[in-house]
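Position 1 is the first residue of the sequence, and the numbers go up from there. Since this is a predicted model, take the numbers as computed values, not measurements.
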Amino acid sequence: MTGTPRTLAEELRTRTDRGLVGLLRARPDLLNPVPGDVTQLATRAGTRASVVRAVERLDRFVLQTAEALAVAPDPCPYDTLGALMGGDAGDPAVAAELPRAVAELRAQALVWGPDDRLRLVRTARELLTPSAAHPSPTGLGPTVAEAMAGMSPGRLQEIIAAAGLPTTHDPVTAVAALTALFSDRARMAALLDTAPAESVAVLDKLLWGPPYGGVTDRPAPHLQWLLDRGLLIPASARNVVLPREAALHLRGGRAHHTPEPVPPALSPATERDPQLVDNAAANQAFTALATVEELLKEWDLGGPAVLRAGGMSVRDLKRTATALDTTEQLAAFWLELAYAAGLIASDGEADERFAATPAAEEWLQLPDHERWAALAAGWLAATRAPGIVGTADAKGRALAALGPHLDRSPAPEVRRRALALLAALPPGTAVPATAVLARLRWERPLRGGAPAAGQAPTAADGATTAPGPGPADDLRSRLAHWALTEAELLGVTGRGALSTHGRTLIDTASDSTAPTPADTTAAASRAAALLAPLLPEPVDHVLLQADLTAVAPGPLRRPLAEALGVLADIESKGGATVYRFTPGSVRRALDAGRSAAELQEFLATHSRTPVPQPLAYLIDDVARKHGQLRIGAAAAYVRCDDDALLSEILADRRAATLRLRRLAPTVLAAQTSPDQLLDGLRAMGYAPAAESAAGDVLIARADSYRTPPRTAPTPVPDGPPSPDPTLLAAAVRAIRAGDLAATAERKPVQAPAPAPGALPRTTSAETLATMQAAVLTNSALWIGYVNADGAASQRVIAPVRVEGGFVTAYDHTSDEVRTYPLHRITGVAELADDSV
C-alpha cells in the first residue's frame, strides 16, 4: 500500500508480521477469538473495553503523552506534541523520551498516522479528553470553541470587542479569532498585561486544574473583566471554566504540571553483605517452614468449621493466631500460604471443616529445601491476597481467611514486578518500600491509583473551584506492600534485600509476563537448591536438664521431634526449642503405648546429658499409677484390683457428677460415657487407662484427620493469558490470509457481481467447471462457503483434487489443506493474477 494511511486498518495492513505479533502480545484480548482479517483486528482494537485495558497498562510518561494528544488538535504534528509535553522552553529529558512514548502508543495501536499527522484512536480520545464529568489529569478544560458552543452571536461579538479584536459577521469567525488570540503568545501577553492583579490571581488558581469555578449572580469586577474577554467562559448558570488555549498560554505551553519522562529512582539504597542477606533469608525460610508445620500439627485431628458463607470465623482465626504465637493478620497469611500450596482445604463433608490434605503428608516427608520450594511456588502464583482479610467487601461484610472473594488478579504480576525491581539492584542492596511503591505507581499509574500532580483543588478569591476527582483505590500499591512483607516472611528477601535464591526464584525460562506453572515450579526448584546449604542441619539429640526441661540446640530430626512432642510440651521456641516434661505429657506418652522403660531408654539414647533423677522419678511415678484404674464400656465402668482405691473414689465429692456405684469389690459402674469418665477421673488426679472388650489397654494414638484428595486453588487470571509464540505466529497467518480473502482483486464473472461483502454466486455446473480448471492450472480461487451450522464465509483456496462431490484444496484463509462439499459452495470466482 502506498501513500498516507487513511484508517487504523490501513496502517496495520502495512505493518510487518513482527509488528502485528508485538501488538497481539501487548494486547492479548485482541486474540479472543482470532480476528478474521486486519479490518476486524482494527475494529476490535478500537473497542472501549480493549482500549481501557491497554491504557491501564501504560507507564506514566506514555500515558501523559496520550493525554497530551487528547487535548491537542486532531491530527497532531509531532512538533506540536513535543511543545505540549516540554513547554515553550523545552525539556531535554522529555525530548529524549518522547520518541519512545510515541513508539509505544503506535505499537499498541493507540496512535496511528505519520509524524506530521499523529492520530489518537477515537475511543482513547473519548476516554482521555477532559470534560466536566470526567476531568483530565492535565487539569485542562474545553477549548474556546467547545466552551462557547451555544453562546448567542451578540455576546460573542461583545467578547471579541472587549478583547480588542474586530467584530466579525458570524459566530464561527468570532470563535476562530478569539482562539487565535489566546494561542498567540505575544498578543495574549499584551492582553494580560492590562488585567487587574486580582484577575491574574484567579487565573493562577485555576491554572493547573480543576479549571471550573463558581461565580455569583453579580461577579466581582475582576471576575467580570475575565468574563468580558472570554478568559473565563460560563459553563452553567453559576459556573465558569478557563478555556484550554488560555490555560496553555499561562502554563508556558505545557499540558502537564510535571512531566515524568523517567521513572523515580530506587533510592536511598543501603548496601549489605550478600552473604548476611542470604543467611537472614534462610533463617526466615526455616521459620516459615516451622510455622506451617506447626499449623498442620495444630489441625492434625481436624481444623475449625467452615462458615456457611465460606472461610474461617474471626474466633477461629484468633485461636489459630494464638496457637502460632503471632498476630491475626500474619496468621491469615500463613493460612493462605498453606492453602495456596494445597496443604489445607475444606473436607467437603456435611458438617464441613478445614483440615490438612493428603498432600500435606507428602510435604512433611520432603527435605526442608523442597518444602520451601513448594511454598514459594504457590505463593508466587497465588492471586489470593491475605492482606484484605478482615476488611469489608462491597456489601459491608467482613472478608474471612480461607473464604471466597480474596482473589485479586493483579497480585502475581505485582508480586513479580516488586521482586524484579529488587533484582535489578546490586546483590545485597536494599531500598525503602516507599521507593519500590513509587516506581510501581509510575509504571502503572491508572492501576496504582496515585493522584496526578496539580490535581489538588484550590479556592479562588470570589470563585470557588469545583471538586476534582479523588484518588482511585490504590490496590496495586497495597498488593506491592504486602508482597514485600510476605517475601520477608517467606525468606525470599533478607533484611530488605533480595537473596540469591530469591533472584533465582523469579528468573523463569519464559519470556512472557505471566510464566506458566511449570516455569514457576522449575524456578522454585533451582532456588531451593541454592537455599539448601544455608538451612540449619537437623540435630539428633537434646540436652536434658534437672528442672524437667529439655533443650533442642537446633531443629530436630522429624522422628525425634514427633516422639518428643508426645512426651513433653513445647515451652518456648527460637534458635533453641525448650520442652517441658509434666505428669500430663508423660501420661500422654504412656497412653500412646510406650512403657516407662521405653521412655527411659528413649531419653538416654537421644540426650547428650544424663537423664536427671527428677525426670526419671516423674516417669516411674506416673507409670506406676497409669492403668491401675481401667475404664470400659457398660455404659461405662471402672475396674481396679485395689478395692480401697475404688472406695476412695466413691467417697470423693468431685465424683458425684460421674454417678458411680459399686457392682463388685473391684468394679464401679458409671452413668456416663467412657470418654467422660476418663476425663473426669484424670481431672481428679488419677491416671486411668481405657481398655477394650477383651480387657486389653487401648492405645490412645488418634489417627490424623485428612481431607479427600484436593488440588491447590487455581489462580484467577488478570485478563486473557499471554499468548505463546506458536499461537501468535498462527494468528498472524490467519489474519493475513483472511485479509487476502477480503481484499483480493477478483476477475469478473458472467453472473452479476456480488455486492461488497456478499458471497459469490455461480451455478453448480459453473462451480464444478471452474474448480476442475483451477486444478489443471494450479490457480487460486475465491469461494463462498456455508458450513453445516449455516455460517457463511469467504475463502481463498487452491484446488488440488475434485472428485465424488468434494473438492480438496489448500485453504489460504486457515493455512491448511481441507475438503469441501461442492454443494456447500455458493459460488466461485478467479483471483487476479497478482492477488496471491
Could you give the distance from OG1 (Thr357) to CH2 (Trp299), rounded to the nearest 0.5 Å? 11.5 Å
Mind checking salt bridge (Lys or Arg N to Asp or Glu O under 4.0 Å) for Arg371 and listing every partner two or more places apart, or none if nothing turns up? Glu293, Asp368
Lys/Arg-Asp/Glu bridge criterion (N-O < 4.0 Å) met for Arg319, Asp316: yes
Ion pair Arg439/Asp59, N-O distance below 4.0 Å: no
Side chain to side chain, Pro304 and Ser313, heavy atoms closer than 4.5 Å: no
Check whether any side-chain N or O of Asn279 sits under 3.5 Å from a backbone N or O of Gln275 as a donor-acceptor pair, and report yes or no. yes
Arg397: partners by salt bridge (Lys or Arg N to Asp or Glu O under 4.0 Å), with sequence neighbours left out: Asp393
Sort and list the pairs that fulfil ring pair (Phe, Tyr, Trp, His ring centres under 6.0 Å) and have at least one residue in residues 342-396, not counting sequence neighbours. Trp372-His501
Distance (rounded to the nearest 0.5 Å) between Glu362 CD and Leu343 CG: 10.5 Å
Full working for side chain to side chain donor-acceptor pair (under 3.5 Å) between Ser722 and Arg25: CA-CA 7 Å; Ser722 298; Arg25 179 180 289 115; over 6 Å; no
Does Thr485 form a side-chain contact (heavy atoms from CB on, under 4.5 Å) with Glu488? I'd like the steps, not just the answer. CA-CA 5 Å; Thr485 302; Glu488 193 78 15; 5.9 Å; no
Any donor and acceptor pair, going by atom type alone, linking the side chain of Arg444 with main-chain N or O of Val414 inside 3.5 Å? no
Answer yes or no for Arg353 and Tyr705: cation-pi contact, defined as NZ/CZ to six-membered ring centre under 6.0 Å and angle to ring axis within 45°. yes
Is there a side-chain contact between Val716 and Thr383 (heavy atoms, below 4.5 Å)? yes
For the pair Glu298 (side chain) and Thr320 (backbone), establish whether a donor and an acceptor sit closer than 3.5 Å, ignoring hydrogens and angles. no
Is the shortest heavy-atom distance from the side chain of Gln545 to the side chain of Thr609 under 4.5 Å? no
For the pair Arg415 (side chain) and Ala382 (backbone), establish whether a donor and an acceptor sit closer than 3.5 Å, ignoring hydrogens and angles. yes
Would you say that Thr493 contacts Ser499 through its side chain, given a criterion of any heavy-atom pair below 4.5 Å between the two side chains? no
For Glu294, enumerate each residue passing the salt bridge (Lys or Arg N to Asp or Glu O under 4.0 Å) test, keeping only those at least two apart in sequence or located in another chain. Lys573
Can you sort out the partners of Arg580 under salt bridge (Lys or Arg N to Asp or Glu O under 4.0 Å), two or more places apart, ordered by chain and number? Glu571
Okay, side chain of Arg384, backbone of Arg408: is any donor-acceptor separation there less than 3.5 Å? no
Between Asp569 and Arg588, is there a side-chain N and carboxylate O pair less than 4.0 Å apart? yes
Using side-chain heavy atoms (C-beta onward) and a distance below 4.5 Å, is Leu556 in contact with Pro538? no
Run the numbers on Glu271 and Thr429 for side chain to side chain donor-acceptor pair (under 3.5 Å), then give the verdict. CA-CA 4 Å; Glu271 296 183 3; Thr429 303; 5.1 Å; no
Taking all non-hydrogen atoms of both residues, which atom of Ala374 and which atom of Ala341 are closest, and how far apart? O-CB, 4.1 Å
Apply the test side chain to side chain donor-acceptor pair (under 3.5 Å) to residues Asp278 and Thr500: give CA-CA distance (whole Å), side-chain angles for both, the deciding distance (0.1 Å), then the verdict. CA-CA 6 Å; Asp278 289 349; Thr500 302; 2.7 Å; yes
Distance, nearest 0.5 Å, that separates OG of Ser595 from CZ of Phe602: 13.0 Å
Within the side chain of Thr516, is there an N or O that forms a donor-acceptor pair under 3.5 Å with the backbone of Asp519? yes
Pairs touching residues 417-431 that satisfy salt bridge (Lys or Arg N to Asp or Glu O under 4.0 Å), sequence neighbours left out: Arg417-Glu443
Test your reading of the model: is there a side-chain donor-acceptor pair from Glu352 to the backbone of Ala305, 3.5 Å cut-off? no
Just so I know, are the side chains of Gln676 and Ser673 near enough to count as touching, which here means a heavy-atom distance under 4.5 Å? yes
For the residue pair Glu537 and Pro555, establish whether any side-chain heavy-atom pair is separated by less than 4.5 Å. no
Pairwise side-chain contact, Glu370 with Gln365, heavy-atom cut-off 4.5 Å (strictly under): no
